[in-house]
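Data block below; observations after.
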Protein chains: 2
Amino acid sequence: MKATSFDIAHLAGVSQSTVSRALSNSTLVNEETRLRVQKIAKEMNYKVDKNASNLRKQRSSTIALLLFEDPSTDDSQINPFFISMLGSITKACSAAGFDLLVSFQNLQDDWHAEYEDSHKADGLILLGYGDYLDYQQKIQHLVQQKTHFVRWGAHDPNHPGISISCNNYQGGFAVTEHLIERGRTRFAFIGDAGSQAPEFMARFNGHIDALSKHNLDDAFMGQLDAIFTEEAGHESATLLFEEDGLPDAIVCASDLIAIGVLRAMRDQGLVCPTDIAVVGYDNIPVSEYTTPPMTTVQQNTKLAGEMLVSNLIKLINGEQVSDQLMPAELIIRSTS
Amino acid sequence: MKATSFDIAHLAGVSQSTVSRALSNSTLVNEETRLRVQKIAKEMNYKVDKNASNLRKQRSSTIALLLFEDPSTDDSQINPFFISMLGSITKACSAAGFDLLVSFQNLQDDWHAEYEDSHKADGLILLGYGDYLDYQQKIQHLVQQKTHFVRWGAHDPNHPGISISCNNYQGGFAVTEHLIERGRTRFAFIGDAGSQAPEFMARFNGHIDALSKHNLDDAFMGQLDAIFTEEAGHESATLLFEEDGLPDAIVCASDLIAIGVLRAMRDQGLVCPTDIAVVGYDNIPVSEYTTPPMTTVQQNTKLAGEMLVSNLIKLINGEQVSDQLMPAELIIRSTS
DNA sequence: CTGAAAGCGCTTACAG
DNA sequence: CTGAAAGCGCTTACAG
């Protein structure tokens, strides 16, 4: 049988209330008593029962991370960018004394609020690309239920709730200016740029505006759709080369797209960056090991994870929180 | 205020006990009553309080996943192989009605059993490479505490508890036979092969035995140490080329090592597979996109995740469970 | 500083 | 098939 606080109380010769206080480091309890109780608890391998404690406190000290994938992609292929955020989220949670519940969701799923309604979690972190329109309704529902949540993604006036993201516009702008400095004169952009992909759209807008700023509007060959995958990048680049002729710089909305573009270039015997410069976005671990190593834009995933967690905890504590926009950083390697 | 089962009972004109029964689909309750209660619960957005329910049932329907990283590696660099397992683990959990708590641990941490002792989880999944000797003591402790856990990794008589893994010996054997069939005659193996890395050692033993079987013992140039990273692979391959001369086939203990080897070859102007064939292990997502695409060995992460979860649940339910060894599959691409 | 008591919201034997 | 009651193991006002 697992020990309870009553057992510890008995062994320590104090009341159960005192045990509870001692183990929560209450200042109400005499230091000597506290130490003695803690020592016995440790010896007995006693741990406070979280279910009982949470039930009484009406708080779970747990955060639920809802990762939703684009349903169009393969099950096993999680966007590596989210993965790197997972590490910093778990660490930020444990530093703040919260446990982390992780769940993969389909946009179709009936996920809304389950966790918080059932008191398994005090709040939710929503992590995913995809068509925000699809789940706008669900977010609305979260707000109605007064669920605490933060969302990773572009600020959007149509979406209530707090969102935290990197400055995608600035990233797209910076990487384009970098290509301009390197003397590139014919640009193509590969990646969805519609309202269903607000991050990609912001990167695209930064791209366009950078060209504009340098009076290079005419240097823009066009934009081709692609979801964030290698396959999509390969397909779009192949199409581009066939139908529109060759640019001398391709700005990609994600690293995986850029990897697909590099493969399409290889297919055609094109050399990077001699023939065409290619830049990605995300700085996923692989981007360092492509041939040649890829120039890309880094989102600070460590900071992002920490912000997501700290802002959610503020929300849980009833504090005021506003949207956050973090700077993006250019990583120059050899594809540009 | 959040609704309780008493509120639902009041609205439905039944007792609270009946509400509880209706919502857990008990056959004890009249179908009509059950449906009515469920309808009202849904309308009121009522969810059973998990803390109360778990406390009463003495079961949390939650599994804790402890990912421990090799402390020698960078924080943000999680082994991609584990990542792909994370997806199938979360899915298997939710299919079985369990929630998943995720935590990153350092081998130094004082992690043992916390989750189960505090009733936050019914059992633990241990996922990590690294030196098993380091945490043998902790595993011993888990066993003493009668904690339910399954471990991903090679079976080891020194480690109590259930372990589940892929057949690393068979994988190393198969990939070596494949290289022999392709006519390779000078082999090197890159990857730690000591008892601190039992998976790598098993792959190495498979490699050696395959050579032996084909009377190619003399074709073995040697084994070089490397942890699972790209950098380690690059470093070892560079050393190999400098000091031992050129093999015509390199078997790597992980895909990341192989990626590092490819880079070292490029540094020296060596062409793969013309000069040297290179094979990896794990079939991580990137391996498909290296130049050239990599021949590797796949561990079935989907099945692995499912096995880990289903075996742990059996353990939780008091059923008998034994170690599992799953087959590895050769993925032939263009580096061999 | 300490203890006795109430109560968090459920599930489930017990009685009918 | 249904209800009244006990109790899971805590935390925290309340009283001293």
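Letters A, B, ... mirror the listed sequences (proteins, then strands); counts begin at 1. All values below were derived from every heavy atom in this structure, side-chain atoms included, with hydrogens, water molecules and symmetry-related copies excluded. Worth saying up front: this structure is predicted, and the values here are computed from it rather than measured.
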Exercise for the section: Please list every stem that involves DNA chain C, where a stem is a run of 3 or more consecutive Watson-Crick or G-U wobble pairs with both pairing distances under 3.5 Å. Expected result: C:1-3 with D:14-16, C:5-12 with D:5-12, C:14-16 with D:1-3

Whole angstrom is fine here: how far is it from [atom1] in [X] over to [atom2] in [N]?
{"X": "A:F6", "N": "D:dC10", "atom1": "CZ", "atom2": "P", "result": "8 Å"}
{"X": "A:D49", "N": "D:dC8", "atom1": "CG", "atom2": "P", "result": "12 Å"}
{"X": "A:H10", "N": "D:dC10", "atom1": "NE2", "atom2": "C1'", "result": "19 Å"}
{"X": "A:R59", "N": "C:dG9", "atom1": "CZ", "atom2": "P", "result": "16 Å"}

Practice task
Would you kindly say whether B:K50 and A:S60 are connected by a side-chain donor-acceptor distance under 3.5 Å?
Solution key: no

Consider the side chain of [X], meaning its heavy atoms from C-beta on, and name the nucleotide among [options] that approaches it most closely.
{"X": "B:S17", "options": "C:dG3, D:dC10, D:dA4", "answer": "D:dA4"}
{"X": "A:T18", "options": "D:dA4, D:dC10, C:dG3", "answer": "C:dG3"}
{"X": "A:Q58", "options": "D:dC1, C:dG9, D:dG3", "answer": "C:dG9"}

Practice task
Show your working on side-chain contact (heavy atoms from CB on, under 4.5 Å) between A:Q38 and A:N25 and close with a plain yes or no.
Solution key: CA-CA 9 Å; A:Q38 289 179 343; A:N25 287 311; 2.9 Å; yes

Exercise for the section: Please examine the side chains of A:I164 and A:M326, heavy atoms only from C-beta on, and report whether any two atoms are closer than 4.5 Å. Expected result: yes

Exercise for the section: Find which nucleotide of DNA chain D each of B:L28 and A:R21 is nearest to by heavy atoms, and output the residue with the more 5' nucleotide. Expected result: B:L28

Exercise for the section: For B:Q16 and for A:Y46, find the nucleotide of DNA chain D with the closest heavy atom, then tell me which residue's nucleotide is more 5'. Expected result: B:Q16

Problem - Gap in Å between the two C1' atoms, one belonging to C:dT12 and one to C:dG16, rounded - result: 16 Å

Handout entry: Expected output: side-chain A:N30 to main-chain A:E32 donor-acceptor under 3.5 Å
Key = yes

Problem - Partners meeting salt bridge (charged side-chain N to carboxylate O under 4.0 Å, His left out) with B:D49 (sequence neighbours left out) - result: none

Practice task
Tell me which of B:V48 and A:G13 sits closer to the 5' end of DNA chain C, going by the nucleotide each one is nearest to.
Solution key: A:G13

